[in-house]
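A short worksheet on the structure shown next.
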Amino acid sequence: MPASPTNSPSPARRSVLGAAAASVPALLALSGPAVAVPPAVTTRKPRLPGGGDLGPNVIVFDPSMSGIQARLDEIFKRQESAQFGTGRYALLFKPGTYHGLNAQIGFYTAVAGLGLSPDDTTINGDVTVDAGWFDGNATQNFWRSAENLALVPVNGTNRWAVSQAAPFRRMHVRGGLNLAPTGYGWASGGYIADSRVDGEVGPYSQQQWYTRDSAVGGWRNAVWNMVFSGVEGAPAQSFPEPPYTTLQTTPLSREKPFLYLDGAEYKVFLPELRTNARGVSWGSGTPRGTSVPLSRFYVARPGVSAATLNQALDEGLHLLFTPGIYHLDRTVEVRRAGTVVLGLGYATLIPDNGVTALKVADVDGVRLAGLLIDAGPVNSPTLLEIGPQGAAADHSADPITVQDVFIRIGGAGPGKATTSMVVNSRHTIVDHTWVWRADHGDGVGWETNRADYGVRVNGADVLATGLFVEHFNKYDVQWYGERGRTIFYQNEKAYDAPNQAAIQNGAMKGFAAYRVDDSVTTHEAWGLGSYCYYNVDPSIVQHHGFAAPTKPGVKFHHLLVVSLGGKGQYERVINDTGAPTSGTSTIPSKVVSYP
């Protein structure tokens, strides 16, 4: 890219200045008393380089290498139970065929192929998530991913027993896919996108799941809430029993950016926007979109300052965060249209001193992907802002996308934030996020990791596909923008409310899990579930899971609320509609449509 102007003089100009400087002592000697010499010409910081090494925690495998299984096992041993540890890894496989591997995937580990299509990189073996570390309970198998690979499972079926923040993207399973842990213990997932499973998907014990723009050979069962949009082979819509919500297409989607190899050169592929999408984006072998060479990215390593990150952005570079933990003493600000901010291996941003970690201007086509934002101990008013307050530009032709960007408050230590994610820009697509106020780990308590609000949407025409938001002290999701749409929502209310008074919302018992403001005239949502587990005070009553104005343009399809083991109760599902939860049994109360 051409260099931008700086205060540095040209070579010719430098030679003239150098000659003049050399004559200064002689001139001073002739002129008598010493005089002050003007300060040297100041220069801006040197321009930052693009590209570069991906760092020690990006491990790249080649089919000709020996010892791959041993390396995979070594990393899994470190990460298997390190739920709040500091290790971060990206395991990348060059195109080709690999034999006899079982890549077990632990916390903060991303495994991906480096081809342009998943079929460019084939593993004759498995990419596995199970729950042996947690006695067969998969409800805490968070923060891990598999992308852009073809698998030929050893026994015909690959196991991927995950819960939140564990995407399965751009995968081709030449066999079946089992989403439950060994022994069929509890599981609370999950998300599949742009993937093809030739055989049957068996969720078994999975409580809920969202699958987007994919193809499956069959789907075995449903527990509480299974949602499909644009999925070839999906079961027919049948909510409330079995609880399948099936949309033939996804209104808008644009797949996540991904790193790949073009010969020996690393590039990032930017998939194009699809309207009324159905099936995988790579069906013909070559996805549609554009490529950006790694030389146009500032490759960030842990320890870099926020000032340097902002300098890179101001110089027109994209950002690639290599695996690790990044402390930010100021906000990283994305101001340029079309900027890509991509994290590898669950790169984690921690705002210090109460700043907002990341802000995006009201510009076209910014893509944020593959990041974990972890609240710091000093309260941040927000952690992620998409567009400034009052943003009004039309981005329908080139929306901002937020994909696999996860937010955590507490768990790894005390953290606080008033509102985690604010979406002000119109037409933003939020595709798979888990915004989580921790209910376990370190720094957890009703006030210790205080976080009143999860997601607030102010912008019009915003689409959320795969929205997971849990445990906030007040509202989990608040929607103020017109013409908003959500396809799949999963929520748990805060476990740790000390008593009824702590969640009282004026005359209302509790804050809704998902609230559409009374000012909104048009909104639509499909496949939403809210669960309560008030284990500190099981007598707490939550009036409803969902709140919205009763207007013709505000429509909800397929809602449910569940009391887990009778720890707290819901009186209604949405507004004053729907039966109360059952008392002591974990049985959903459902509403097929509202109003």
Side-chain angles (χ1 to χ4, degrees), residues 53-82 85-133 141 143-162 166-178 182 195 197 258-269 294 299 320 322-324 343-347 370:
D53 184 77
L54 296 176
N57 289 351
V58 175
I59 294 95
V60 180
F61 299 111
D62 183 279
S64 64
M65 291 173 61
S66 61
I68 296 176
Q69 186 65 57
R71 189 76 169 112
L72 295 172
D73 292 345
E74 173 196 346
I75 293 167
F76 177 65
K77 185 177 180 180
R78 291 182 202 166
Q79 300 303 115
E80 179 183 12
S81 59
T86 59
R88 303 286 188 273
Y89 292 93
L91 311 179
L92 306 182
F93 288 80
K94 290 183 179 181
T97 301
Y98 300 78
H99 297 281
L101 297 181
N102 181 18
Q104 298 181 83
I105 307 302
F107 285 100
Y108 312 109
T109 304
V111 59
L114 286 170
L116 196 54
S117 164
D119 289 326
D120 292 341
T121 310
T122 298
I123 293 178
N124 288 304
D126 297 85
V127 172
T128 303
V129 178
D130 207 341
W133 74 277
N141 280 351
W143 305 305
R144 64 198 76 198
S145 64
E147 300 184 49
N148 206 29
L149 291 165
L151 305 179
V152 184
V154 169
N155 69 354
T157 300
N158 188 76
R159 186 183 302 277
W160 186 257
V162 299
F168 197 80
R169 287 186 181 269
R170 294 179 54 77
M171 296 289 287
H172 185 187
V173 182
R174 298 176 191 162
L177 185 63
N178 183 344
T182 300
S195 294
V197 180
F258 61 92
L259 188 70
Y260 76 103
L261 276 172
D262 183 2
E265 182 184 7
Y266 282 108
K267 293 182 178 179
V268 173
F269 191 79
L294 191 63
V299 178
L320 182 76
T322 62
L344 300 180
Y346 288 83

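Residue numbers start at 1 and run along the sequence shown.
- A pairwise comparison of heavy atoms in Gly345 and Ala90 identifies N-CB, 4.0 Å as the closest pair.
- Scanning all heavy atoms of the two residues, the minimum distance from Leu151 to Gly125 falls at CB-O, 4.2 Å.
- With contacts defined as side-chain heavy-atom distances shorter than 4.5 Å, the pair Arg78/Tyr89 qualifies.
- Residues Gln79 and Gly87 approach most closely at NE2-O, 3.3 Å, considering heavy atoms.
- With a 4.5 Å cut-off on side-chain heavy atoms, Val299 and Leu54 count as touching.
- Taking the side chain as every heavy atom from C-beta outward, Leu92 and Tyr260 never approach each other to under 4.5 Å.
- Evaluation of the salt bridge (Lys or Arg N to Asp or Glu O under 4.0 Å) rule for Lys94 yields no partner, not counting sequence neighbours.
- Looking at every heavy atom in both residues, Trp160 comes nearest to Leu177 through CB-CD1, 4.0 Å.
- A salt bridge does not link Lys77 to Glu74: none of the charged side-chain nitrogens sits closer than 4.0 Å to a carboxylate oxygen.
- Using bins of under 30°, 30° to 60° and over 60° for the plane-to-plane angle, the ring pair Tyr108/Trp143 lands in the parallel bin.
- The salt bridge (Lys or Arg N to Asp or Glu O under 4.0 Å) pairs that include a residue from residues 99-121 are Asp119-Arg174, where partners are two or more places apart or lie in different chains.
- For the residue pair Gly176 and Pro153, the shortest heavy atom distance occurs at O-CG, 4.4 Å.
- With contacts defined as side-chain heavy-atom distances shorter than 4.5 Å, the pair Tyr98/Thr122 does not qualify.
- Here the closest heavy-atom approach between residue Tyr346 and residue Arg144 is recorded as OH-O, 2.9 Å.
- Taking 4.5 Å as the limit, every side-chain heavy atom of Phe93 sits out of range of all side-chain heavy atoms of Asn148.
- For the pair Thr121/Leu114, no side-chain contact is recorded, criterion being any heavy-atom separation below 4.5 Å from C-beta on.
- Contacts of Glu265 classified as salt bridge (Lys or Arg N to Asp or Glu O under 4.0 Å), with partners at least two apart in sequence or in another chain: none.
- Residues Val111 and Leu72 fail the side-chain proximity criterion, which asks for heavy atoms closer than 4.5 Å.
- No side-chain heavy atom of Phe168 sits under 4.5 Å from any side-chain heavy atom of Val162.
- Both tests do not hold together for Arg71 against Phe61: distance to the six-membered ring centre under 6.0 Å, angle to the ring axis within 45°.
- At distances below 3.5 Å, not a single donor-acceptor pair connects side-chain atoms of Asp126 with backbone N or O atoms of Arg159.
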